[in-house]
Structures are given as structure tokens and as C-alpha cells.
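All remarks here apply to the structure that follows.
Being a predicted model, the structure only gives us computed values, none of them experimental. First listed ligand is number 1; within each ligand, the first listed atom is number 1. Reckoned from all heavy atoms, side chains included, excluding hydrogens, waters and symmetry mates.
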Amino acid sequence: MTSTTDRVSGPASASAGATLPAVELVRDIYAGGRRAGRPVISIELFPPRTPEGHVTLFERTLPEMQVIRPHFYSVTYGAGGSTRDKTLDIADRIQREHGTTAMAHLTCISTPRPQIERYLLEARARGIRNILALRGDPPQNADELAELESGFDYSYQLVTFIRKLGGFSIGTAGFPESHIACTEGKHVDWRRLKAKIDAGADLVLTQLFFDNDDYFAFRDYLVDTLGAQVPLTPGVLPILSTRQIKRFTAICGATLPARLLETLERFGDDAEAVADFGIEFATRQCEALLAGGAPGLHVYSLNRARAVRRIVDDLGLRE
Ligand SMILES: Cc1cc2nc3c(=O)[nH]c(=O)nc-3n(C[C@H](O)[C@H](O)[C@H](O)COP(=O)(O)OP(=O)(O)OC[C@H]3O[C@@H](n4cnc5c(N)ncnc54)[C@H](O)[C@@H]3O)c2cc1C
């Protein structure tokens, strides 16, 4: 294992005399967590669609999240690179203005290789040292896909490319219920995940799930059967709206257990009751995951601070 803490070598935009934040490689954050026997808490954000949303993220949401001192944030990348610049801008600002490490997501499907390389070089120039390497989802329209020049078909190829470029800690996506498009069964999908790890990924962040047995079966197969040695961090989504979670699970293929759905539907239009229940459910889910040995928690925050704060505080995880 190579370097530990790194300093952002500030580009011209950094204000003169400002203290530049310590940016850690995420693999080192996990190594530190393991040594200290404490879970790594990470929060996923998405680039807001509007300028107002952007202001809210930096002026309200992030300061509220910073209270719990997460170990790192990750910032999503829109399909087909639609939020390319925003992803890097947000990751950069989090590191500079809040002094917390940020991981930028990057998808590779239907993206020319030089464009991927430019993104990585720009990330590096801005002191972003952590990349979540993803394939992304193909465009719905097959003609559109055929027209696009594609650099890579699968994310393991992106992981290999980034590893060769050097200088990054690399994360990859794992699917406790198997990836929605994998027709060969979950063990095949999990062996493909092992191939991503073997290509150079330092950690895995999982898709959301609601039955912890799915995570533990996934973890045990990866570790005991395939010999994976990197952190396999569960991704947890606190439910804030019944309609929204039905939509998300339909898109990503995660199971919304019938009993959970029944409970949510009993709350009807009472949005506050749904969110209260959803946060409590996620808290108990996180508690059991940590008790079962999960190395950390990756919270899909949906750019809301309340749920992640409550989970961390209820479980006494604030440092
Ligand atoms: C934590 C997390 C964060 C995410 N963030 C984003 C984001 O920011 N932006 C975004 O657009 N999407 C994001 N996604 C969604 C992700 O891009 C999709 O789920 C995508 O469909 C799969 O990406 P992947 O990197 O897992 O792909 P891959 O690892 O390439 O796998 C995709 C499919 O190909 C199959 N496969 C892999 N290797 C092979 C092979 N050698 N031969 C044949 N089949 C193979 C797999 O079984 C799977 O079915 C995220 C998902 C997760 C879990």
C-alpha cells in the first residue's frame, strides 16, 4: 500500500494564504478505521439541478452534515456525463471549503476514452484523489448508443485504466441482490465484482437494499469464497417518501420487501410519518450491519442532512 495523507496542491482558484485541506485516499481512511476499530461514515450527494439547489447544498445542507464529521463524501455523475463539471466542482468545493475528503463518481459507458482521461486529469489537478469507477446505464435509445463512441463496455476496464494512470484510490459498485441486468445469477455478478477488485479497486460501495441477509450473503461469498480483501461497505438509503422509494427500487432492481411496503402505505399521505419511520428503519438496519461486521456505512442522503444526522447520532457514531 502506498501513500497516506496527501495535501491538495492548490490550483490558482485557491485563495492566497487559505489553509488547504488534508485530502486522504479513501483506502487510507478505511485502513485508519480498521486500526481504530471504528466504522467509516460516508455520505453520497448528487449535483443539484438548479442554481438555487446549489446554494442550498453549500449554505445549508453541507454545514448541517458537517456537524457529524463524515469521513468522506461522494458526488454522483449524471448519465452520459451530464453533470461532469458539476461533479468535480462540488467535490472540489467540499474539500476546500469544508476540509473533508470527496470522492468523484465517473461513468464510462458511451464516453470516448480521451474524455475520460481529461476528467481524471482535471480531478487530479484539483486535488481530487478518489474516484468511484462505474459503467453507468446505457442510453434508453439503442440508436443513440450505437452512435456514441464508447471507450469501455464494463467498469472493470475503467478501473484498469485509472489504476494505470495512477494517483487515485478507486471505488467500485457492488450489488447484494445482483445487478439488475445480470441474467446469469448473483454468483456470476459477484464474481465479476471480484474481477473489478482484482483490476485494482480499493473498496466497494453497495447498491441500496433493505434485507441485511442479502448484504451478509454477498459479503460472505466475496470474502470466504472468492477471497476479497477490500472493504465492502453497505449503501443505505433512509426512506423519505413512499412514491420515491417505489420508483428508485423499480429502476435499480432492489427489492422493497412486501411488509415494509405495507407499513409505508399505511401512513398514506402523511409524509412526516413516512420519513420518521424510514429514518428509524434505516437506523436499525445500520445498527445490525455494523454489529455484523460491516466496515462502515455509505448513506444515500438525497442531499438531506436530517436522516444521516439522526442515524449517526442515534448510533453514537459521531466522533
Ligand atoms: C454506490 C453506487 C453509486 C452509483 N453512482 C452512479 C453515478 O454517479 N452515476 C450513474 O450514472 N450511475 C451510478 N450508479 C449506477 C451504475 O452506474 C449502474 O448500476 C450501472 O448499470 C452498473 O454500473 P457498474 O459500474 O456496476 O457496471 P459493471 O461493473 O460494468 O457491470 C454492469 C453489468 O455488466 C455485467 N458485467 C460486468 N463485467 C462483465 C463481463 N466481463 N462480461 C459480461 N458482463 C459483465 C455485470 O454483471 C452487470 O450486469 C451507482 C451505483 C452504485 C451501487
Heavy-atom distance to [atom]: which of [options] wins?
atom	options	answer
atom 48 (C) of ligand 1	H298, Q157, H179, E184	H179
atom 36 (N) of ligand 1	H105, E44, R135, R192	R192
atom 52 (C) of ligand 1	A173, G171, P47, C252	A173

Going by the angle between their ring planes, with limits at 30° and 60°, are [X] and [Y] parallel, tilted or perpendicular?
X	Y	value
Y154	Y156	parallel
F58	H54	tilted
H298	Y300	perpendicular

I need the atoms of ligand 1 closer than 4.0 Å to a non-hydrogen atom of [X], numbered in the order shown.
X	answer
T76	8 (O)
L205	1 (C)
Y156	41 (N)
F175	19 (O), 26 (O)
C182	47 (O), 49 (O)
Y300	1 (C), 2 (C), 53 (C)

Looking at ligand 1, is there an atom of it that comes within less than 4.0 Å of some heavy atom belonging to [X]?
X	answer
F152	no
F46	no
G235	no

Give yes if a backbone or side-chain nitrogen or oxygen of [X] is under 3.5 Å from a nitrogen or oxygen of ligand 1, and no if not.
X	value
T206	no
D153	no
G174	no
Q207	no

Exercise. How close do V40 and G33 get, heavy atom to heavy atom, and via which atoms?
Worked result: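 Result for this residue pair: CG2-CA, 4.4 Å.
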For this session: Answer side chain, backbone, both or neither: which part of T107 comes under 4.0 Å from ligand 1, heavy atoms only.
Result: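 Looking at T107 and ligand 1, just side chain atoms fall under 4.0 Å.
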Problem set entry | Mode of L132 contact toward ligand 1 - side chain, backbone, both, neither (heavy atoms, under 4.0 Å) |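 Answer for L132: side chain.
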Exercise. Just one of Q95, H71, Q66 clears the side chain to side chain donor-acceptor pair (under 3.5 Å) bar with T100, so which one?
Worked result: Q66
Exercise. Would you call R163 and D202 a salt bridge, using N to O less than 4.0 angstrom?
Worked result: yes
Problem set entry | Salt bridge D314-R284, side-chain N to carboxylate O under 4.0 Å | no
For this session: Would you check, one step at a time, whether the test side chain to side chain donor-acceptor pair (under 3.5 Å) holds for Y221 with R191?
Result: CA-CA 9 Å; Y221 189 80; R191 284 201 289 276; 3.0 Å; yes
Exercise. By side-chain contact (heavy atoms from CB on, under 4.5 Å), which residues pair with D198, not counting sequence neighbours?
Worked result: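 Testing D198 for side-chain contact (heavy atoms from CB on, under 4.5 Å), a comparison that skips the adjacent residues, returns K194.
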Problem set entry | Check: Y77 ring centre within less than 6.0 Å of Y119 ring centre | yes
Exercise. Can you check whether I90 reaches L57 side chain to side chain, under 4.5 Å on heavy atoms?
Worked result: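 In contact.
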